[in-house]
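For ligands, and for the atoms within them, numbers begin at 1 and follow the listed sequence. The figures that follow rest on heavy atoms only: side chains count, while hydrogens, waters and symmetry mates do not.
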Amino acid sequence: METSRNQQVKLEEIESAGVSLWMKREDELHPHISGNKFRKLKYNLEEAADREYHTLLTFGGAYSNHISALAYAARVNGLNSIGIIRGEELATRPDLVTENPTLAFALSQGMQLEFVSRDIYKSRHEEEFVDLLRQRLGDFYLVPEGGTNDLAIRGCEEILQAGDQDFDYICVSVGTGGTLAGLINSAGPGQEVLGFSSLKGDFLDKEIGKIAICKDNWRLVNDYHFGGYAKINEKLISFINQYYRSTTIPLDPVYTGKMMYGLVDMIRNNRFEKNSRILAIHTGGHQGIEGMNQKLKKKKLPLICVGDE
Ligand SMILES: Cc1ncc(COP(=O)(O)O)c(C=O)c1O
């Protein structure tokens, strides 16, 4: 089974609070299929091969980590890939596609991109819509948005390793909740799993309850989404840059940056008992930094500076 190292995070506020914090560097598992994508795709790729599919189809936004990882994984596994991308404006603006680092990478891996309106995109969970896609694009193995399904959750159950049973808290950032569900399932007795929501909305509680084994060892932290999915501000950028300078750990602005901002804030405010041992899962997402920096540049905001100084 693939393992990643736990890196201790040493910051003044952590020491003052009398707790210890570690990051599980799942982002180092693979340069293109990093973090939770590696875990989520593992058994789905096996299943697609066992069932002799030639094509993977999935859904995502224009900067999606999942789209990028699946495009790469399909190519190296000798499969075709199709990405149904939210945003019909991209269909008539090839310049926007080639300027977008995520989509340009997906294209370079041979992914066929199909752009749909935000309205049509909402049908992505409907069987009728998927049938229509099959009629138009041929047969495919369907990987849902964000890669989350039962096989993905099974993969995410492998994130925690034997030595990790000593931690009191396991923290992870939450989009669809698949990674959190895997951790809830595999957490040991006495461990609490905290999911840091990267988007607004209390619906996630219900969604995660549906997909994880029925356990009461987890809770969602909803205070650090910064206004919603992919919304960021100067405070968050400054935190990500400072964190990188102090720890050498790069964070992404959509998921892990928000989680660590929240976690350090909670530690500073003594929300954990003294001597707590906390493990935060680094779920990757570095590929999204370039696209975010393009947007920040246009808005004349400070850039995320991680990795290339
Ligand atoms: C880097 C990163 N971290 C965390 C998440 C959240 O994972 P999940 O959708 O399983 O909640 C995602 C999205 O899939 C992601 O790309």
Side-chain angles (χ1 to χ4, degrees), residues 4 23-44 58-73 83 86 102 105-106 124-125 143-159 170-186 193-201 203-212 218 220-222 224-225 228-230 232 240 249-263 280-292 304 306:
S4 58
M23 271 200 110
K24 184 172 276 300
R25 297 295 307 273
E26 292 275 293
D27 56 314
E28 294 178 338
L29 280 174
H30 190 283
H32 296 298
I33 320 174
S34 99
N36 58 352
K37 304 300 170 268
F38 188 93
R39 305 292 182 184
K40 287 177 168 191
L41 285 171
K42 177 178 166 184
Y43 291 115
N44 275 294
T58 196
F59 300 91
Y63 296 93
S64 160
N65 296 320
H66 167 64
I67 288 288
S68 170
L70 184 135
Y72 178 90
R86 185 176 55 228
T102 304
F105 178 77
R124 64 195 178 279
H125 304 300
V143 183
E145 180 186 51
T148 291
N149 59 12
D150 288 349
L151 291 175
I153 293 171
R154 188 171 136 208
C156 290
E157 288 170 5
E158 296 178 358
I159 294 173
I170 311 295
C171 302
V172 71
S173 89
V174 177
T176 61
T179 315
L180 174 63
L183 291 166
I184 292 170
N185 293 349
S186 60
V193 188
L194 303 184
F196 287 76
S197 193
S198 60
L199 43 121
K200 237 199 231 166
F203 64 93
L204 266 176
D205 268 299
K206 253 197 255 146
E207 286 302 307
I208 293 153
K210 274 192 248 162
I211 57 180
W218 63 281
L220 276 184
V221 180
N222 282 316
Y224 301 101
H225 54 61
Y229 180 72
I232 69 170
I240 290 172
I249 303 175
L251 301 173
D252 84 292
V254 180
Y255 296 101
T256 56
K258 291 183 181 181
M259 167 184 66
M260 291 314 294
Y261 182 102
L263 186 48
I281 310 298
H282 197 317
T283 42
H286 303 319
Q287 73 82 35
I289 293 173
E290 195 184 339
M292 184 60 85
I304 299 160
V306 297

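Only side-chain heavy atoms of Lys40 come within less than 4.0 Å of ligand 1; its backbone N, CA, C and O stay farther off. Contacts between Leu180 and ligand 1, counted as non-hydrogen atom pairs separated by less than 4.0 Å, are absent for every part of the residue. Heavy atoms from both the backbone and the side chain of Thr283 come within less than 4.0 Å of ligand 1.
The nearest pair of heavy atoms linking Asn222 to Ser197 is OD1-CB, 3.2 Å. Counting all heavy atoms, side chain and backbone alike, Pro253 lies closest to Ile289 at CD-CG1, 3.9 Å.
Using a 4.0 Å cut-off to heavy atoms of Asn65, the atoms of ligand 1 that qualify are 1 (C), 15 (C), 16 (O). Using a 4.0 Å cut-off to heavy atoms of Thr179, the atoms of ligand 1 that qualify are 7 (O), 8 (P), 10 (O). Atoms of ligand 1 found under 4.0 Å from any heavy atom of Gly284, numbered from 1 in the order shown, are 1 (C). Ligand 1 places these atoms under 4.0 Å from at least one heavy atom of Val174: 11 (O). For ligand 1 and Lys37, the ligand atoms under 4.0 Å from any heavy atom of the residue are 12 (C), 13 (C), 14 (O), 15 (C), 16 (O). Residue Gly285 has at least one heavy-atom neighbour below 4.0 Å for each of these atoms of ligand 1: 1 (C).
Using a distance-only test at 3.5 Å, with no hydrogens or angles considered, no donor-acceptor pair links the side chain of Glu157 to the main chain of Ala181.
The protein heavy-atom contact nearest to atom 9 (O) of ligand 1 is Thr176 OG1, 2.6 Å. Atom 7 (O) of ligand 1 has its closest protein heavy atom at Asn36 ND2, 3.1 Å. Protein heavy atom closest to atom 6 (C) of ligand 1, with residue, atom name and distance, is Gly175 N, 3.4 Å. Among all non-hydrogen protein atoms, the one lying nearest atom 2 (C) of ligand 1 is Tyr255 CD1, 3.3 Å.
By the 4.5 Å heavy-atom criterion applied to side chains, His282 and Leu251 are counted as neighbours. Contact check for Leu180 versus Leu220: side-chain heavy atoms found under the 4.5 Å cut-off.
Judged purely by distance below 3.5 Å, without hydrogens or angles, the side chains of His286 and Ser34 never pair a donor atom with an acceptor atom.
Heavy-atom proximity to atom 4 (C) of ligand 1, evaluated over Ser173, Gly178, Gly147, is greatest for Ser173.
Classification of the Phe196-Tyr224 ring pair by plane angle, with boundaries at 30° and 60°, yields tilted.
Within 6.0 Å of CD in Glu158 there are more than 12 heavy atoms belonging to other residues, nucleotides or ligands.
With a 6.0 Å cutoff to the six-membered ring centre and a 45° limit on the axis angle, Arg124 does not count as a cation-pi contact of Phe59.
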